[in-house]
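Labels below follow one simple rule: chain letters A, B, ... track the order of the sequence lines, proteins then strands, and each chain is numbered from 1.
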Amino acid sequence: MLLFDDYKKDILEEIKKMYSVSENDMDINGDYGDFTLKIFKFQDKKEEVYNKIRAALTKDYIEKIDLQGNYINFFIRADKMLNAVESSIETFGMYPNIFQDTSKALIEHTSSNPTGPIHVGRIRNSIIGDSIYRIINRFGTRSCTQYFVNDSGKQVISLYLGHVKYHEEEPMTVENLLDGYQKIYSNMEKDPSIKKEIQELDERYERGDRELISNIQKTAAIVLESITATLEKLGIHISTYVWESNFILYGDVASLINRLSDELKLEGNAKYLEIGDKKIFVTRQDGTSLYFARDLVYHMFKSENFDWIIDVLGEDHKDHAKNLDYVLHNYLDFPSRINYLFYGFVSLDTGKMSTRKGNIITVNDLYEKTIEESEKIIREKRPDYSEETVGQISRAVASSSIRFNIVKINANKPLTFRWSEALNFEGDSAPYIMYAYARACSVLSRARNSTGSSKEYNEYEKNLIKAMYLYPYYLQNSVDFLRADIMAGYMLYLVKSFNEFYLNCPVIGNEEEQKRIGILKAFKRIMEDSSELLGIQLLEKI
RNA sequence: GGGCUCGUGGCCUAGUAUGGAUAAGGCACCGUCCUUCUAAGUCGGUGAUCGUGGGUCCAAAUCCCACCGAGCCCGCCA
């Protein structure tokens with residue numbers, strides 16, 4: 001829960017004593033006032049409403065109240081807003097402060113099959129998941145992230161078999177494994193024996209063949225390690241990993257299927273649940289379990305330790321999640337709150353991506369190319385920077401840019417990856433944000449000990465103060481709707497306010513220096529706070 | 001065929017949950033501003049029948065219906 005001087009709520013409380021209003025009747029981002037109340041639906045005449053409200057609201061933080069058409073605009077004193085921000089930062093080290101929630105949240109994200117390098121489609125999952133994790137943590141709900149490692153089923157078996165068949169004498173590198181995996185799928189049509197081999201291995205696997213399981217785990221682990229290394233480049237660290245095979249090995253899948261036995265129907269020997277008019281199979285004819293069953297087990301496992309479960313899933317999982325949710329709540333007394341966060345697919349302007357077909361842009365490639373582009377620009381713009389500084393900035397720019405370009409788009413929109421946009425460091429981009437921070441730091445580093453404490457704020461100062469003050473409202477919205485893109489939009493708004501301030505309000509040597517230094521200090525802190533939520537790495541020099 | 005999602009200037013996006021003030025940003029293009037703190041910036045300009053057609057309403061990008069277009073799902077794959 002966020003703690004701050006919530007003027008909006010305070011004003012609404014006063015109005016509620018006279019009229020029936022809800023949160024939604026008041027906006028925070030109107031062009032006409034700081035807070036805007038819509039009075040279309042009010043019974044009384046608008047002049048009467050206006051007079052009544054104006055008479056009742058004697059708050060010291062209100063500068064003025066205007067009636068314009070069917071809106072009442074509230075103007076808040078800049079010094080009060082700045083003070084709300086500054087005093088919170090001074091006392092608690094942050095604005096807004098938080099009340100730590102007792103419940104715990106678990107965000108499952110990525111969970112890519114470890115059958116190849118992570119590409120620009122899959123990374124949308126990781127970036128959204130990691131940002132939501134950071135946002136929820138900042139909100140005051142202790143949370144961690146988890147990767148469900150698919151080390152059972154036909155895909156990883158194919159990965160293993162690909163190595164045995166095509167690269168047995170060679171070392172188990174990611175490249176060899178991926179090549180073998182792709183060969184399995186391309187040769188399968190010509191050679192039906194491959195399918196049979198996979199099925200035999202699957203049966204051995206499900207019977208608990210320890211050696212086979214261990215070999216497949218080793219194979220998956222190599223690919224998983226490379227995925228993890230890629231994620232770390234983007235500042236994405238996953239707290240825990242859960243291996244799917246363990247649920248089979250230790251009998252959890254079997255006991256869950258047993259628990260569901262009253263609901264299960266048979267088609268031959270295959271078991272299924274009937275949901276609506278659909279059959280959801282949990283075991284195959286040969287008795288081996290299916291992903292749906294293992295995912296049920298996994299969710300029950302998650303609920304043992306967490307009160308709030310969030311799954312970040314591709315939109316192709318919508319039906320799966322719907323069915324899963326149904327079974328969890330109707331047959332298994334699922335105890336936790338659960339949210340499914342879906343995201344649309346990422347395509348290339350040349351078409352769809354497929355790991356099996358090999359037409360992907362890997363995140364490693366994207367990262368390297370973004371670093372190169374960034375280095376080129378820095379050498380051009382800042383010829384005096386050392387190679388070490390250039391490298392350091394470029395890594396921060398690459399990681400931040402990749403994240404920001406993906407997180408700023410609403411998750412349920414489809415996304416087309418374009419190099420021209422990925423490598424553009426102007427406009428709505430991470431460098432735009434990083435640059436503003438560096439400018440603020442540069443001014444602050446030149447600050448002298450100055451005096452004078454004006455309480456008058458011009459429009460640029462006030463706009464920046466207001467943008468900072470409003471941070472908790474955007475943070476709250478991000479949490480309520482589990483939307484990291486709201487935070488991205490907020491940062492662009494905050495930075496735009498700063499740039500206008502910077503251009504129009506000289507600081508060093510100005511008679512307003514002390515006051516403006518105060519504004520900049522608060523800005524610096526809010527920037528650090530909000531950037532952290534999206535994994536944007538701020539640097540004092542860029 | 002059935003279900004879900006998306007459709008906003010040449011291109012990308014915000015606004016849709018909760019209908020309400022001139023539809024807000026960015027890219028590209030044209031022009032402005034560095035002897036004040038980082039021009040990866042600022043300001044101004046060109047450019048939108050908000051997919052199409054109906055409906056509800058004092059009021060529709062937003063709600064309802066139909067249609068068109070794109071994506072995803074409709075496995076004893078995950």
Side-chain angles (χ1 to χ4, degrees), chain A residues 22-25 27 29-32 36 38-41 68-71 73 111-113 115 148 150 152-156 158 244 267-272 278-292 294-295 314-320 322 342-345 347 352 374 377-378 380-382 397 405 408-410 412-416 418 420-421 424-436 438-447 477 480-481 483 485-486 488-489 492-493 495-496 498-500 502-510 513 516 520 541-542:
Chain A
S22 74
E23 288 273 310
N24 305 324
D25 293 317
D27 291 335
N29 43 14
D31 297 331
Y32 303 84
T36 298
K38 294 176 260 191
I39 53 169
F40 292 90
K41 289 170 190 155
Q68 279 179 54
N70 288 304
Y71 300 87
N73 292 309
S111 299
S112 280
N113 282 347
T115 49
F148 190 38
N150 170 239
S152 63
K154 288 179 179 169
Q155 255 121 66
V156 276
S158 302
E244 198 172 318
E267 190 169 300
N269 287 321
K271 294 173 180 166
Y272 67 90
K278 275 187 292 187
K279 294 174 178 176
I280 309 295
F281 283 87
V282 295
T283 66
R284 296 191 184 92
Q285 197 66 241
D286 60 15
T288 56
S289 66
L290 289 157
Y291 166 64
F292 190 80
R294 300 192 293 262
D295 209 22
E315 63 180 352
D316 54 335
H317 278 62
K318 275 185 180 173
D319 275 359
H320 170 79
K322 202 172 135 195
F342 299 105
Y343 63 93
F345 273 46
S347 55
K352 284 199 280 188
S374 172
I377 291 170
I378 298 167
E380 200 178 287
K381 290 182 190 291
R382 318 266 187 267
V397 164
N405 279 330
K408 73 178 177 183
I409 311 288
N410 189 328
N412 58 23
K413 298 257 185 179
L415 183 67
T416 304
R418 291 185 183 85
S420 60
E421 285 167 21
N424 179 24
F425 300 150
E426 289 166 13
D428 293 350
S429 68
Y432 174 76
I433 292 164
M434 298 166 74
Y435 184 68
R439 280 172 136 186
C441 289
S442 173
V443 178
L444 284 170
S445 72
R446 285 160 211 265
N477 265 337
D480 288 348
F481 300 107
R483 280 181 49 189
D485 60 299
I486 290 177
L492 293 172
Y493 157 57
V495 165
K496 184 133 187 72
F498 166 79
N499 280 329
E500 285 164 16
Y502 181 87
L503 258 291
N504 293 289
C505 305
V507 180
I508 305 306
N510 191 281
E513 176 167 333
R516 289 179 177 164
L520 283 179
K541 276 185 168 187
I542 178 170

Colleague: Which residues satisfy the salt bridge (Lys or Arg N to Asp or Glu O under 4.0 Å) test with A:R516, sequence neighbours excluded?
Modeller: A:E461
Colleague: Nearest-Å distance, CZ (A:R284) to C1' (B:rA78)?
Modeller: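 Computing the A:R284:CZ to B:rA78:C1' distance gives 10 Å.
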Colleague: Consider the side chain of A:I409, meaning its heavy atoms from C-beta on, and name the nucleotide among B:rC76, B:rU13, B:rC72 that approaches it most closely.
Modeller: B:rU13
Colleague: Go through the N and O atoms of the side chain of A:E421 and the base of B:rC12, and report whether any donor-acceptor pair is under 3.5 Å.
Modeller: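 Side chain to base: no pair present.
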Colleague: In whole Å, what is the span from the OH atom of A:Y272 to the P atom of B:rG75?
Modeller: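 Atom-to-atom, A:Y272 to B:rG75, this comes out as 14 Å.
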Colleague: Need one value for A:C441: base, sugar-phosphate or nothing, where a base atom within 4.0 Å counts as base even if backbone is also close, heavy atoms only.
Modeller: nothing
Colleague: Taking the side chain of A:D319 as heavy atoms from C-beta outward, which of B:rC37, B:rC73, B:rC12 is closest to it?
Modeller: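 The answer is B:rC73.
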Colleague: Counting just side-chain N and O atoms, does A:K278 come under 4.0 Å of either OP1 or OP2 of B:rG2?
Modeller: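 No, no such contact exists.
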Colleague: In whole Å, I'd like the distance from the NZ atom of A:K318 to the P atom of B:rU5.
Modeller: 6 Å
Colleague: Grab the CZ-P distance between A:F40 and B:rA60 for me, whole Å please.
Modeller: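 Roughly 12 Å, once rounded to whole Å.
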Colleague: Of the options B:rC37, B:rA78, B:rU18, whose atoms approach the side-chain atoms of A:I508 most closely?
Modeller: B:rC37
Colleague: Once you apply a heavy-atom cut-off of 4.0 Å, does A:N424 come out as touching a base, just sugar-phosphate, or nothing?
Modeller: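 If one applies the 4.0 Å heavy-atom cut-off, A:N424 turns out to touch the sugar-phosphate alone, with no base involved.
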Colleague: Considering only B:rA78, B:rU22, B:rC76, which nucleotide approaches the side chain of A:A270 most closely?
Modeller: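 Shortest atom-to-atom distance from the side chain points to B:rC76.
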Colleague: P atom, B:rG25 versus B:rG44: distance in rounded Å?
Modeller: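 It comes out at 9 Å once rounded to the nearest Å.
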Colleague: Taking the side chain of A:N113 as heavy atoms from C-beta outward, which of B:rC72, B:rA21, B:rA78 is closest to it?
Modeller: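 Closest nucleotide among those given: B:rA78.
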Colleague: With no hydrogens and no angle check, just 3.5 Å: does a side-chain donor-acceptor pair link A:R294 and A:N150?
Modeller: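 Checked: A:R294/A:N150 side chains show no N/O donor-acceptor pair below 3.5 Å.
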Colleague: Mind telling me if B:rC11 is syn or anti? Syn here is a glycosidic angle within 90° of 0.
Modeller: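 Anti.
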Colleague: Would you say B:rA14 has OP1 or OP2 under 4.0 Å from some side-chain N or O of A:K413?
Modeller: yes
Colleague: Side chain of A:P506, heavy atoms from C-beta onward: which of B:rC72, B:rU36, B:rA78 has the nearest atom to it?
Modeller: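 Of B:rC72, B:rU36, B:rA78, B:rU36 is nearest to the side chain of A:P506.
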Colleague: Taking the C1' atom of each, how far is B:rG45 from B:rC33, in whole Å?
Modeller: 15 Å
Colleague: Verify the contact: side-chain N or O of A:R418 to OP1 or OP2 of B:rA28, cut-off strictly under 4.0 Å; return yes or no.
Modeller: no
Colleague: Expressed in angstrom and rounded to an integer, what is the separation of A:K279 atom NZ from B:rC74 atom C1'?
Modeller: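 My rounded result for the distance is 15 Å.
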Colleague: For B:rU13 and B:rG2, measure between their P atoms and round to the nearest Å.
Modeller: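 Those two atoms are separated by 29 Å.
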Colleague: What is the distance, rounded to the nearest whole Å, between atom CD1 of A:I486 and atom C1' of B:rG15?
Modeller: 11 Å
Colleague: With sequence neighbours excluded, what pairs up with A:N424 under the side chain to side chain contact (heavy atoms under 4.5 Å, CB included) test?
Modeller: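 Expected list: A:E426.
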Colleague: Answer yes or no: does a side-chain N or O of A:K322 lie under 4.0 Å from OP1 or OP2 of B:rG3?
Modeller: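 The answer is no; no side-chain N or O of A:K322 sits under 4.0 Å from OP1 or OP2.
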Colleague: Look through every strand shown and name the nucleotide pairing with B:rG47 as Watson-Crick or G-U wobble, where both distances are under 3.5 Å.
Modeller: none
Colleague: Pick the P atom in B:rG1 and in B:rA66, then give their distance to the nearest Å.
Modeller: 15 Å
Colleague: Write down the distance between CG (A:N410) and C1' (B:rU5), rounded to a whole number of angstrom.
Modeller: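 Those two atoms, CG and C1', are 11 Å apart.
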Colleague: Which part of the nucleic acid, if any, lies within contact of A:R516, taking any heavy atom under 4.0 Å across all strands shown: a base, the sugar-phosphate backbone alone, or nothing?
Modeller: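 Nothing, no heavy atom under 4.0 Å.
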Colleague: Between the base of B:rA21 and the side chain of A:N73, is one N or O donor paired with an acceptor at under 3.5 angstrom?
Modeller: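 Result: at least one qualifying N/O pair found.
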Colleague: Enumerate the protein-to-nucleotides 39-45 of chain B contacts in which both atoms are nitrogen or oxygen and the separation is below 3.5 Å.
Modeller:
residue	atom	partner	partner atom	Å
B:rA39	OP2	A:R439	NE	3.3
B:rA39	OP2	A:R439	NH2	2.4
B:rA39	O5'	A:Y435	OH	3.4
B:rA40	OP1	A:Y435	OH	3.4
B:rA40	OP2	A:K381	NZ	2.4
B:rA40	N7	A:R382	NH2	3.1
B:rG41	OP1	A:G427	N	3.0
B:rG41	O3'	A:N499	ND2	3.3
B:rG41	O2'	A:R439	NH1	2.8
B:rU42	OP1	A:Y432	OH	3.1
B:rC43	OP1	A:E500	OE2	2.8
B:rC43	OP2	A:K496	NZ	3.3

Colleague: Roughly how far apart, to the nearest Å, are B:rG19 and B:rC63 at atom P?
Modeller: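 Pairwise P distance, B:rG19 against B:rC63, rounds to 9 Å.
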Colleague: A:K38 NZ to B:rG19 C1': how many Å, rounded?
Modeller: 8 Å
